[in-house]
There are 2 protein chains.
Amino acid sequence: MSDNNFSRRRLLGSVGAAGATGLALGAAGGVVSGATASDDTLAALTAVGSTGVPFYGEHQSGITTPLQARGHLIAFDLAPGAGRSEAVALMRRWSALAAELMEGRPAAEGDTGVALDAGPSSLTLTFGFGRSFFDRTGLVAQRPPELDPLPNFSSDQLDARRSNGDLWVQIGADDSLVAFHALRAVQKAAGAAARVRWQMNGFNRSPGATDRPMTARNLMGQVDGTRNPKPSEPDFDRRIFVPAKTAHPWMTGGSYAVVRRIRMLLDDWEQLTLKKQEQVIGRRKSDGAPLTGGSETTEIALDKTGPDGRLVVPDNAHARIAAPEQNSGAAMLRRPFSFHDGIAADGTPDAGLLFICWQADPLRGFVPVQRKLDRGDALSPFVRHEASGLFAVPGGPREGEYVGQRLLES
Amino acid sequence: MSDNNFSRRRLLGSVGAAGATGLALGAAGGVVSGATASDDTLAALTAVGSTGVPFYGEHQSGITTPLQARGHLIAFDLAPGAGRSEAVALMRRWSALAAELMEGRPAAEGDTGVALDAGPSSLTLTFGFGRSFFDRTGLVAQRPPELDPLPNFSSDQLDARRSNGDLWVQIGADDSLVAFHALRAVQKAAGAAARVRWQMNGFNRSPGATDRPMTARNLMGQVDGTRNPKPSEPDFDRRIFVPAKTAHPWMTGGSYAVVRRIRMLLDDWEQLTLKKQEQVIGRRKSDGAPLTGGSETTEIALDKTGPDGRLVVPDNAHARIAAPEQNSGAAMLRRPFSFHDGIAADGTPDAGLLFICWQADPLRGFVPVQRKLDRGDALSPFVRHEASGLFAVPGGPREGEYVGQRLLES
């Protein structure tokens with residue numbers, strides 16, 4: 001099975017083909033069948049490594065791409081003195097780099113070698129602009145109102161140093177070394193144009209660890225993401241992506257990402273009984289089904305009462321408050337990573353959710369839902385929002401374009 | 001492919017069988033074939049999740065088990081006032097827990113649910129005793145001299161708070177949530193008997209990301225571990241495991257683990273040219289072959305000179321100094337995890353290697369090699385040993401035994 005003369009070049013030919021045909025199944029896909037081995041030396045490389053996600057397209061990758069096993073978030077500020085021309089050059093460099101790495105090729109310059117041997121492993125790089133980017137680059141007239149600062153929520157305990165930023169890059173891959181390699185390459189390619197503002201690491205299940213194809217658990221043990229809109233739903237695009245008719249056409253096909261580092265107070269949470277945890281959430285822990293019955297995908301019977309006349313899913317249950325039906329159909333696509341940065345100074349686990357949600361307009365996605373959660377969510381005592389970011393993520397580049405070109409050359 | 005009625009209980013029957021037959025292939029195994037699905041509902045769970053590693057046996061798991069995608073190291077000190085009887089109860093609890101979790105079962109008490117849906121995913125839990133454990137439990141007479149403190153090395157910059165400890169647990173799994181679940185369960189089961197001293201997280205390649213069956217790359221991009229002894233070699237057991245004829249029979253079948261948090265100074269390293277990096281290591285970066293030619297597994301021609309009359313593998317090349325031939329055949333089994341804890345306060349990556357090596361005697365394994373590296377390794381300027389631990393890891397328990405019973409009931 002071993003092949004010491006394994007040729008990366010031949011692999012990459014194969015992988016490029018896989019990427020082009022869009023075989024981007026990844027972590028949530030269960031048994032993945034994206035391998036396109038073209039000769040015997042490749043037969044042993046499984047689909048985890050050989051799966052590629054296209055860089056070019058209507059939307060950037062990493063939004064509807066299935067959850068990957070490993071993620072890095074990194075925010076940059078433009079360096080003092082850097083402006084629009086430096087930003088243009090930077091986005092050119094990052095785009096060229098992303099196109100290379102997402103096909104499993106090494107970086108054209110100074111590759112560290114960390115990803116050698118592995119295929120692209122569903123690597124995605126997703127680029128966004130923060131509100132301050134437009135000030136720095138003289139593009140305030142192009143700044144969409146969707147980037148207005150998020151409202152303050154009463155339960156926020158935000159660390160400004162780990163929040164926002166001029167530029168944001170989300171990296172995901174099904175292999176930790178492939179993801180780390182991309183992170184370092186992105187940092188290196190920033191050169192003198194931008195400085196790291198903050199950086200966070202996350203993870204999801206490994207491909208093949210479970211046969212449940214869609215729904216992940218978070219570090220509270222809860223099935224999380226059941227009500228996520230599905231790309232197959234007719235209004236998915238309208239809710240998640242900016243349409244062609246928009247006041248800021250450079251955002252056509254783009255989306256707004258809200259990023260929250262949500263610490264879970266696991267020592268407290270784990271002291272609750274299972275029954276109490278399920279009351280807080282409104283769903284069964286074992287399978288994510290609503291407390292009103294059925295299976296995970298059954299709709300919650302919000303008005304159903306028990307023998308005692310009380311609502312089966314309590315008034316303040318998280319699943320009730322967050323339900324799209326309770327929020328004028330507000331919808332966002334949640335696509336998180338869990339995080340675990342060891343043990344905090346106070347002895348509690350520094351762990352939780354790198355919550356990332358995608359929407360055509362945060363004022364009709366994240367904001368109304370978070371407002372309601374902020375007022376009366378039974379889950380609130382067990383979570384703490386520690387950092388926050390809001391980024392405009394432009395549409396995907398066409399071949400020959402770089403990400404953000406329609407903004408930066410407008 | 002989806003099966004919402006997926007039965008964990010049925011899965012576990014299957015997994016137990018896989019564990020019993022020792023189908024522990026894991027991360028390094030390329031295409032893994034350990035699945036033993038017994039009916040259609042299991043067919044979709046791939047071998048990544050269904051692979052189990054036996055808890056009982058001659059040696060503890062996590063020593064010769066192939067590298068797993070995710071790892072946690074956690075050290076504890078016995079709580080003030082706790083002594084031998086608390087230690088006995090703790091090792092009983094941890095052993096029962098490990099046996100459950102490694103079969104993919106939930107913890108008997110207060111399971112958090114984080115690992116539900118996934119199979120055991122090659123989970124291993126490995127338990128060790130530090131030097132101070134024997135003082136705390138009145139067992140100094142049973143303390144082997146192999147636990148004498150490691151010598152100081154001139155390049156050490158050790159943080160005592162992240163070093164050593166009474167008790168050490170190594171957790172590895174091919175799924176991040178399965179590993180995290182086990183970590184929390186171990187902490188919870190410590191109860192009032194022990195307090196966390198330090199905790200570290202690491203990772204390796206995901207199963208299936210590469211077709212190279214044996215050798216991993218580290219975060220410098222270097223193939224790392226080529227000269228590791230192989231279990232198939234005739235003197236492997238003698239070098240790695242404590243023999244039956246030993247002054248401290250409770251360690252029969254056990255091994256000594258040296259743990260070093262080795263920070264890589266990647267910003268400096270990545271500024272070297274590829275050629276210079278290869279001179280530092282003595283091997284080609286692309287495939288790990290010695291600079292004297294051949295493939296990765298070719299022995300280094302240590303005396304070979306180039307046209308200029310100089311040694312092809314320089315005097316101070318890492319691979320030369322670490323070569324077993326240069327160290328009276330000293331051998332240790334290196335089984336590391338990479339780590340990446342984001343960006344340090346000084347702006348450099350807080351990343352490197354959780355170096356873990358296993359040997360029957362540290363004075364004939366880690367110590368002589370590290371002494372030589374400490375004196376003249378060309379790699380030294382690019383790494384920093386930041387924490388250190390030395391632990392006695394007893395042999396594996398027989399069914400009905402708990403880990404360390406032969407020590408604690410001696």
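All figures in this text were calculated on a predicted structure; none of them were measured in a lab. Chain identifiers are assigned alphabetically (A, B, ...) following the order of the sequence lines, protein sequences preceding nucleic acid strands; residue numbering begins at 1 within each chain.
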Output yes when A:Asp174 and B:Arg205 qualify as a salt bridge under the 4.0 Å nitrogen-oxygen rule, no when they do not. no
Under 4.5 Å from any heavy atom of chain A - which part of B:Gln199: side chain
Proximal component of A:Gln222, with respect to chain B [non-hydrogen, under 4.5 Å]: neither
To the nearest 0.5 angstrom, please state how far the CG atom of B:Asn201 sits from the CG atom of A:Asp341. 7.5 Å
When rounded to the nearest 0.5 angstrom, what distance separates OG1 in B:Thr112 from CH2 in A:Trp269? 11.0 Å
A:Arg195 versus chain B, heavy atoms under 4.5 Å apart: side chain, backbone, both or neither? neither
Is there a side-chain contact (heavy atoms from CB on, under 4.5 Å) between B:Phe203 and A:Leu177? Walk through the geometry before answering. CA-CA 8 Å; B:Phe203 57 86; A:Leu177 276 82; 3.9 Å; yes
Go through the atoms of A:His72 and report whether side chain, backbone, both or neither lie under 4.5 Å from a heavy atom of chain B. side chain
Does A:Phe180 form a side-chain contact (heavy atoms from CB on, under 4.5 Å) with B:Leu266? I'd like the steps, not just the answer. CA-CA 12 Å; A:Phe180 181 82; B:Leu266 293 178; 3.7 Å; yes
Residue A:Ser121 versus chain B: region with a heavy atom under 4.5 Å: side chain
Part of A:Asn218 within contact of chain B (heavy atom distance under 4.5 Å): backbone
As an exercise, state the distance from NE2 of A:His340 to CZ of B:Arg70, rounded to the nearest 0.5 Å. 8.0 Å
Of the listed B:Gln271, B:His181, B:Arg184, B:Lys285, the one with the largest count of heavy-atom pairs under 4.5 Å with chain A is B:Arg184
Can you tell me how far CG of B:Leu116 sits from OG of A:Ser286, rounded to the nearest 0.5 angstrom? 7.5 Å
For B:Lys188, the side chain to side chain donor-acceptor pair (under 3.5 Å) test, sequence neighbours excluded, returns none
Please flag which part of B:Gln187 lies under 4.5 Å from any non-hydrogen atom of chain A: side chain, backbone, both or neither. side chain
Side chain, backbone, both or neither: which part of A:Met220 has a non-hydrogen atom closer than 4.5 Å to chain B? backbone
Using the side-chain contact (heavy atoms from CB on, under 4.5 Å) criterion, which residues pair with B:Asp77? Sequence neighbours excluded. B:Asp166, B:Arg197
Check each atom of A:Ala351 against the heavy atoms of chain B and say whether the ones under 4.5 Å are side chain, backbone, both or neither. side chain
Using side-chain contact (heavy atoms from CB on, under 4.5 Å), reason through A:Val114 and B:Arg217 one step at a time and then give a plain yes or no. CA-CA 7 Å; A:Val114 171; B:Arg217 280 183 199 271; 5.8 Å; no
